[in-house]
Structure formats: structure tokens, C-alpha cells
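One structure is given here, and the rest of the page talks about it.
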Amino acid sequence: MSLFSEKSDRRSFSDVIKENRLSRMATDLEDRVLSQTVYNAIIGGVVLYGIIVNYLICKYFDMSELTNPIPLFIFYFIFCIGGTLIVNYSHNPLISFLGYNMIVVPMGFVISVAVNIYAGINPEIVTSAVFYTGVVTILVVLAAIIFPQFFSRLGSALLVGLTIALIFSLFSFIIKLSFLTYIFALIFALYIGYDFYRSQQYTYTVDNAIDSATDIYVDIMNLFIRLLSIIARAKADD
């Protein structure tokens, strides 16, 4: 009997994350201290803060002379995993914001490397990628507001699609599969709408706003990197 109980108490990491996400909707009503307008303003402000930090990193840290990117990517994965754990486990806004910065800062250095790889000395490529990322983000968020039921059903489909795309991307080292960049761009664009929809289902607290902003920020940055690659490739083919 005790053995059965021990097995039943074991939960996977994904189960814990799911429970923490669901707990955002089960917060006591007295914690609902924000109006929807203020709540969404915090989400937008936190996302904008992350983008500004990334811009400053790209501007003031030249990654063009980086000869071995492996330590950078190790740093990126360690801090992003740590930041994600903090954001998902913490119910304190300040601690969640610390976790958010642990994702934003290493992401900025990775984006700086991507800008140097794909854009080189052509600022038009970066400008175009920023513009189209902004346009797509606005359109998808508006779509999530207008068609919430559609986006509410996307979670499992997007997860399956992303997993399949990641598996296929492993073969891109052997076989050139350039179409995967377009698929990733589409998936992350839809993820923006899905995560925005999901953010509106949570209790309107500062911590939930920061947690939701983290999801949306990661989606936007992944979309930007894919669009940067697509535009750079199109420019090279001209």
C-alpha cells in the first residue's frame, strides 16, 4: 500500500509546471487587485523591457569576434532553465522578475550572435525583422482577442508541431531543410496568440502578469530570430 502511495505521489516536471499554471487561475479573489487594463499594461511593459534590454545588449556588446559560441550557449541554457524554474515556482513578483531577467539577458547575447550571423553589416535586415515581428505580434494578439475560442484549442497542436519540427531540425545538419524556418516562425507566431489568450484566463495579479509576459517575450524573440533568418536568406538570394 505504501509502495502504491509513493508511486502515486511522483510527479513529472511537466506535471508540476502544469499545476503551477493552473494555480494562477485559482488565486484567492482578494489577490485580484488589478484591473484588466493595468494587468495587460504590466504584461506589455515587461515584454517591452525585455526587448529594450536585448536592444542595448546588441548595440553595446559586439559578438562578431566570438570564435567559440559553445560557452555562450551553455550559459544561455543554464540561466534560461534557472529563470524558467524561478518564474514558474515563485508567487513573488520581484523574484519572478529576477527569473525573467535570467532569461532576457542571455537571450540578448544569443540574439546579438544571430544578428551578426544573419544580418552582418546590413542594418536593413534587422530593421525589417523588427518591423515584421512587431506587425505579426500585433495581428496575432488582435486575433486572440477576436477569436479566443480558436486560440484556446491550440495548446496541444502547437506543442506537437513544435516537437516534430525540433525532431526534423536534428536532420538539418545532414539534409538542408530550409522550410523548417518558416514552420518555426508560424508556430511561434501562433504561440504568441495562444499565450496571450492564456494570460487572460489567469487571476489579474502582478506576478501572473510577469509570468505571462515571460511566455510572450520568449515567443516574440523566437519569432524574431526566425524572421531574421528568413529575411537574410531572401536578401542573399537577390
Side-chain angles (χ1 to χ4, degrees), residues 17 20-21 24-25 33-59 76 79-88 90-112 114-115 126-146 148 151 154-155 158 162 184-228:
I17 295 296
N20 287 333
R21 291 187 183 278
R24 299 181 193 173
M25 294 181 280
V33 295
L34 304 177
S35 68
Q36 186 177 28
T37 300
V38 174
Y39 175 74
N40 286 326
I42 293 175
I43 292 176
V46 172
V47 171
L48 181 61
Y49 163 82
I51 293 173
I52 291 173
V53 170
N54 290 166
Y55 167 76
L56 293 175
I57 291 174
C58 290
K59 183 176 182 179
Y76 166 76
F79 271 75
C80 281
I81 291 172
T84 300
L85 289 173
I86 290 173
V87 168
N88 279 281
S90 172
H91 294 287
N92 184 313
L94 292 178
I95 295 177
S96 291
F97 190 67
L98 171 64
Y100 177 67
N101 278 276
M102 288 176 63
I103 297 172
V104 166
V105 173
M107 179 74 80
F109 286 104
V110 169
I111 290 173
S112 182
V115 166
V126 180
T127 302
S128 297
V130 170
F131 172 76
Y132 286 116
T133 301
V135 170
V136 171
T137 299
I138 292 171
L139 291 177
V140 174
V141 168
L142 288 175
I145 295 172
I146 298 170
F151 282 90
L154 286 183
L158 288 175
L162 181 60
F184 276 120
L186 176 62
I187 289 173
F188 285 117
L190 291 174
Y191 255 122
I192 294 172
Y194 172 69
D195 283 331
F196 177 80
Y197 159 80
R198 193 170 56 183
S199 72
Q200 304 306 297
Q201 312 311 307
Y202 301 144
T203 305
Y204 294 163
T205 64
V206 175
D207 185 69
N208 283 346
I210 294 172
D211 294 351
S212 298
T214 302
D215 296 333
I216 295 170
Y217 161 81
V218 171
D219 299 335
I220 292 173
M221 291 301 102
N222 275 287
L223 173 63
F224 170 75
I225 292 173
R226 270 66 189 190
L227 290 178
L228 189 69

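Note that these values count all heavy atoms, side chains included, but never hydrogens, waters or copies made by symmetry. In this text, all values refer to a predicted model and were calculated from it rather than measured experimentally.
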Report task. Tell me, with the steps shown, if Phe151 and Tyr197 meet ring-ring contact (aromatic ring centres under 6.0 Å, His included). Result -> CA-CA 7 Å; Phe151 282 90; Tyr197 159 80; 7.9 Å; no

Considering only heavy atoms from C-beta outward, does the side chain of Val47 approach that of Ile51 to under 4.5 Å? yes

Kindly indicate whether the side chain of Asn222, heavy atoms from C-beta on, has any atom under 4.5 Å from the side chain of Val218. yes

Flag the pair Val110 / Met221 as yes when at least one side-chain heavy-atom distance between them is below 4.5 Å, and no otherwise. no

Worksheet item: Given side chains that start at C-beta, do those of Phe97 and Val87 come closer than 4.5 Å, heavy atoms only?
Response: no

Taken in chain and number order and not counting sequence neighbours, the residues that satisfy ring pair (Phe, Tyr, Trp, His ring centres under 6.0 Å) with Phe79 are Phe75

Q. Is there a donor-acceptor contact under 3.5 Å from the side chain of Thr84 to the main chain of Cys80?
A. yes

### Query
So, Tyr202 side chain and Asp211 main chain: donor-acceptor pair closer than 3.5 Å or not?
no

Here the side-chain hydrogen bond (donor to acceptor under 3.5 Å, both in side chains) pairs for residues 44-57, sequence neighbours left out, are Tyr49-Asn101, Asn54-Tyr217

Side chain proximity check, Ile111 to Cys58, heavy atoms < 4.5 angstrom: yes

Separation between CG (Leu223) and CG (Leu186), nearest 0.5 Å, reads 10.0 Å

Here the pair of heavy atoms bringing Ile192 nearest to Asp219 is CG1-CB, 3.5 Å

Test item: side-chain donor near acceptor, Ser96 and Asp207, under 3.5 Å
yes

To the nearest 0.5 Å, atom CD1 of Ile57 lies from atom OG of Ser112 at 8.0 Å

If you define the side chain from C-beta out and look only at heavy atoms, does anything of Leu228 sit under 4.5 Å from Ile225? no

Checklist entry - Can you tell me if Ser90 uses its side chain to pair, donor with acceptor, with the backbone of Asn92 under 3.5 Å? => result yes

Interatomic distance, CG@Asp195 vs OG1@Thr214, rounded to 0.5 Å, equals 10.5 Å

Nearest heavy-atom contact between Phe196 and Ile216 is CA-CD1, 4.0 Å

Separation between OG1 (Thr137) and CD1 (Ile220), nearest 0.5 Å, reads 4.0 Å

Sequence neighbours excluded, the answer for side-chain contact (heavy atoms from CB on, under 4.5 Å) partners of Ser35 is Thr37, Val38

Pairwise side-chain contact, Val206 with Ile42, heavy-atom cut-off 4.5 Å (strictly under)
yes

Quick one: does Tyr191's side chain get under 4.5 Å of Val140's, heavy atoms only?
-> no

